[in-house]
Amino acid sequence: MLDFFFAALTPLNLLLALAGVAAGTIIGSGPGLTATMAVAVLVPLTFGMPPESALILLGAIYTGAIYGGAYAAILLNTPGTPSAIGTTFDGYPMAKRGDGDLAVTIACLSSLVGGIVGAGALLLLAPPLAEAALAFGPVEYFWLAIFGLSLIAALSTRDFLKGLIGAAFGILIAMVGISETSAEVRFTFGSNTLLGGIETVSALIGLYCVPVLIELAATSGRHLKEDAGGTRGFRLPEAFSTLMRHKLNVIRSSVIGTLVGALPGAGGSIAGLVAYSEARRTDRRAPAYGQGNPGGIVATESANNATVGGGFIPTLVLGIPGTPPDAVILGALLVQGVRTGPTLFADGSSIVYTFIFGLFLATLLMLPVGLLIGRFAYRSIVRAPKAGLVPVVAFMTIIGSFAIRNSLSDVGIMLALGVVGWVANRRGFSVSPIVLGLILGRIAEEGFVQSWTIGDAMGNVWGQFFGRPLSLVIIALTLLSFLYPFLPALSRALRRRGTALPAAPSDKREPADPAAILRDLAGIGVMAAIAGVALWQCAGLNPEAAVFPRTIASGMLVLCGLAALETLLTRRVVEDRSYGSTGRRAGVVLSMAAGIALAPELGFATAGIAMALGLMLSSEHNNRSLRGWGLLALSVAAVIIVFTIGFREALSVPLPGGLIF
């Protein structure tokens, strides 16, 4: 083993690990630039390298990209990668109160621990974990997705019924396009644009980032609070102290990430959300989760980075990609003539073990690289004027959404879903359950239809779903996750019945006025109408394509009825009535829409600069001199041009050229 360890420490491998972590972190920090994209665009660099060095570079890029997604999640409330969804829940509230630098450092340390645990599992436990992953069939994947959806009980901090409705809405969004189980077209309403479905990462960018941009422009306050003495450095002692207080959390979350990563196709987004839910379930310390508790960052970041090592287990042992980036890396190995499988650890031990030690090395290098880049990102964003920040971030969302599938249609859908997310948030429908349904919808449907088909062929559908021991374990965990948030209230109710204690107030909100009740009923009515349209569309589909969306839409209608009844009986409403300029909000949406429409004609950079001018006017609340406006406009234009050249030349994204650059 020492020979492999020293082989990983050669100057070439050290340089590749350092460069890979830095490149992956920078790429992963941009909204829409996923770890898969980071690996895919840099794969050609590895074709002339020895296999072990190629693996070290790709593993380092993957590791850095997963961590890089935390920057946007913490500082912009937008997950840079899907695996960083849970990081937004507490990272952004921490940044809002002035602790963004601490949040970035906690994310870096948690990623370090999670990466080491995942790599350690790859080194010591790869064969048995790969065999355990093979025990998961379609029905287990279905119940795993349902287990993920049960996290809505933890994520819906404002209104549980609205959380369930939002998740059902997200699942229906995931059903748009050609069915993966029956190849039938669904919910496209005759549009060719929707045939490819709703791209998940583009949808995440829209649902999370666009509402933030709208509110940034509408209000005059600073984006992030800055300490009176300026930014405070890395804050490593505080971060280490926080990690020690959450030591059980970080270990548990790293193990969860490793196990989920070993399941082919599960990925870091599920691992992060499961770990977040477990942390929230067991930790009662203030502040509450969702309001800036660092434990949420610890859980998500340690879990999603542990999936890197966990995902390599089935990839190397079985030749089955554990995560989408693993599929790209597997392809790169095949190009080099390396055949993965059970014999690789014996026949290609020099390649595998050198790579594993190189993965440890890349994870350790992530600490200095991540801290330095995170420090720069935090200082840049916290000090940027709002009129400069909004157009730059808006351009990043557009170019990132385009780069995923090289489609302007995805960019338009991103903006439309962003407006939907903003409206839904105003009406009390949190975005997180919608995103959860969107991510897990396809996984749940595929497992459900396959299990239903197998059970129907065997004449035992119920036995297929409820007769397998592993399925029963996941069902039990699902019930526990679903019911646990309600156990304290149930316990108080039972104690009151037994001891006749005075009832504690369950809801301190005052009854809403009639206008608020009407607004709430209107929002619920729109969701019910969406469910009704989905049921109507299902009538024209074959049974295999219709069974899952029909079930979801029917349940959504029932939930809408219950939510409306609750509003009428309790006269209490959950909504966001934050105030700001309606004209400025409209200006953000119209400017972004104009930029998207002009991109094919004027070119991406020119259309982006035109969009930026409109966004600058919409988001500037202070008096600025003509010279100040000129300098700001030149700075924003320079950033847009640099991003355009970087995407077009370095990442080989075919951006529309148009008549002008």
Side-chain angles (χ1 to χ4, degrees), residues 20-35 37-38 60-96 98-112 114-115 201 204-205 208-209 212-213 216 223-226 231-236 239 268-269 272 292 294 296-298 300-305 308 365-384 389-390 392-397 399-400 403 639 643 646:
V21 169
T25 302
I26 293 170
I27 295 175
S29 64
L33 302 185
T34 64
M37 180 183 295
I61 295 167
Y62 184 9
T63 298
I66 292 293
Y67 163 65
Y71 294 154
I74 292 169
L75 303 177
L76 300 173
N77 199 34
T78 303
T81 59
S83 59
I85 292 171
T87 309
T88 63
F89 301 156
D90 292 280
Y92 188 61
M94 284 186 68
K96 289 284 285 183
D99 287 327
D101 45 3
L102 177 61
V104 168
T105 301
I106 290 172
C108 189
L109 292 177
S110 303
S111 299
L112 173 68
V201 179
L204 292 185
I205 294 171
Y208 276 112
C209 195
V212 172
L213 292 175
L216 274 179
H223 168 52
L224 297 178
K225 180 181 177 182
E226 184 177 7
T231 53
R232 291 167 284 179
F234 299 124
R235 300 177 68 178
L236 272 172
S269 55
I297 302 175
V298 170
T300 306
E301 289 301 310
S302 55
N304 62 32
N305 276 269
V308 175
L365 288 173
M366 185 170 59
L367 181 61
V369 172
L371 289 177
L372 288 171
I373 297 177
R375 173 72 172 148
F376 172 77
Y378 176 67
R379 291 183 65 179
S380 299
I381 290 177
V382 78
R383 294 178 177 179
L389 182 66
V390 170
V392 169
V393 174
F395 184 75
M396 289 173 61
T397 65
I399 199 170
V639 172
F643 268 98

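Being a predicted model, the structure only gives us computed values, none of them experimental. Reckoned from all heavy atoms, side chains included, excluding hydrogens, waters and symmetry mates.
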Donor-acceptor under 3.5 Å ([X] side chain, [Y] main chain):
| X | Y | result |
| --- | --- | --- |
| Thr88 | Ala84 | no |
| Ser110 | Ala107 | no |
| Asp90 | Pro294 | no |
| Ser29 | Ile26 | yes |

#### Entry: Atom pair OH/CZ of Tyr378 and Arg383 - distance to nearest 0.5 Å
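Atom-to-atom, Tyr378:OH and Arg383:CZ are 9.5 Å apart.
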### Task
State the OG1-CD1 distance between Thr300 and Ile85, to the nearest 0.5 angstrom.
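Taking OG1 in Thr300 and CD1 in Ile85, the distance rounds to 9.5 Å.
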State, to 0.1 Å, how close [X] and [Y] come at their nearest heavy-atom pair, and which atoms those are.
| X | Y | value |
| --- | --- | --- |
| Tyr208 | Asn77 | CB-O, 3.5 Å |
| Ala22 | Val369 | CA-CG1, 3.8 Å |
| Ala70 | Thr87 | CB-CG2, 4.3 Å |
| Val393 | Cys209 | CG1-SG, 3.7 Å |
| Ala239 | Thr105 | CB-CG2, 3.4 Å |
| Ile297 | Gly91 | CD1-CA, 3.6 Å |

### Message
Tell me whether the count of non-hydrogen atoms from other residues, nucleotides or ligands lying under 6.0 Å of CZ in Phe643 goes above 12.
### Response
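It does not: Phe643 CZ has 12 such atoms or fewer within range.
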### Message
According to ring-ring contact (aromatic ring centres under 6.0 Å, His included), who are the partners of Tyr71, at least two apart in sequence or on a separate chain?
### Response
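For Tyr71, the residues satisfying ring-ring contact (aromatic ring centres under 6.0 Å, His included) (neighbours in sequence not counted) are Tyr67.
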### Pairing of Arg235 and Asp99 as salt bridge, 4.0 angstrom limit
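Yes.
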### Message
Test of understanding: with side-chain contact (heavy atoms from CB on, under 4.5 Å), list the residues that count as partners of Leu372, not counting sequence neighbours.
### Response
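side-chain contact (heavy atoms from CB on, under 4.5 Å) check on Leu372 returns Phe234.
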#### Entry: For Ile381, side-chain contact (heavy atoms from CB on, under 4.5 Å) partners two or more places apart
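For Ile381, the residues satisfying side-chain contact (heavy atoms from CB on, under 4.5 Å) (neighbours in sequence not counted) are Leu75, Leu76, His223, Leu224, Leu389.
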### Task
Apply side chain to side chain donor-acceptor pair (under 3.5 Å) to Ser111 and list each qualifying residue two or more places apart in sequence or on a separate chain.
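Ser111 satisfies side chain to side chain donor-acceptor pair (under 3.5 Å) with Glu301, Asn305 only.
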### Query
Are Met396 and Val392 close enough, and set up right, to give a side chain to side chain contact (heavy atoms under 4.5 Å, CB included), and what steps lead you there?
CA-CA 6 Å; Met396 289 173 61; Val392 169; 4.2 Å; yes
### Query
Under 4.5 Å between any side-chain heavy atoms of Ile61 and Val21, yes or no?
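A side-chain contact is absent here, since even the closest heavy-atom pair is not under 4.5 Å.
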### Message
Before you tell me yes or no, could you show the steps for Ile74 and Met94 under side chain to side chain contact (heavy atoms under 4.5 Å, CB included), namely the whole-Å CA-CA distance, both residues' side-chain angles and the distance that decides it to 0.1 Å?
### Response
CA-CA 8 Å; Ile74 292 169; Met94 284 186 68; 6.0 Å; no
